[in-house]
Undergrad: 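To start, I am sharing the structure in question, which I have written as structure tokens.
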Amino acid sequence: MSSLIVEGGARVAEDFLKAGLVDRIWLFEGPVTIGESGVTSPIAPKHKPDGFQLVSSEMIGKDHLAVFERIV
């Protein structure tokens, strides 16, 4: 297996990041906040994980996609 897509919540994302099993992150953000203060996430465009760099950013309709890659 050369690649695996993991789609889950904040806890799954954080566990994979802590285990060092992530090479690329596709972070989609929509215009609507879920809940009073939103959903806690281990990553955000302004708070990327250590060892990652932003490689692209674009709007897809009303959603924002930020792609981060591990710095090698």
Undergrad: Can you tell me if R24 has over 12 outside heavy atoms packed within less than 6.0 Å of its CZ?
TA: no
Undergrad: Hey, quick one: are L27 and L4 part of the same hydrophobic cluster, counting side-chain heavy atoms closer than 4.5 Å, chains of contacts allowed?
TA: yes
Undergrad: Find the distance between CD (Q53) and CD1 (I71) and round it off to the nearest 0.5 Å.
TA: 4.5 Å
Undergrad: Tell me the closest heavy-atom pair linking L54 and A66, and the distance in Å.
TA: CD1-CB, 3.9 Å
Undergrad: How about S57 and L65: do any of their side-chain heavy atoms sit closer than 4.5 Å?
TA: no
Undergrad: Side-chain heavy atoms nearer than 4.5 Å, only ILVMFWY residues, links allowed to pass through others: does that put M59 and I25 together?
TA: no
Undergrad: Can you get from V55 to F28 by hopping between Ile, Leu, Val, Met, Phe, Trp and Tyr side chains that sit under 4.5 Å apart?
TA: yes
Undergrad: OG/S3 to CG/D23 distance, rounded to the nearest 0.5 angstrom?
TA: 10.0 Å
Undergrad: For residues 6-22, which side-chain donor-acceptor pairs fall under 3.5 Å, sequence neighbours excluded?
TA:
none

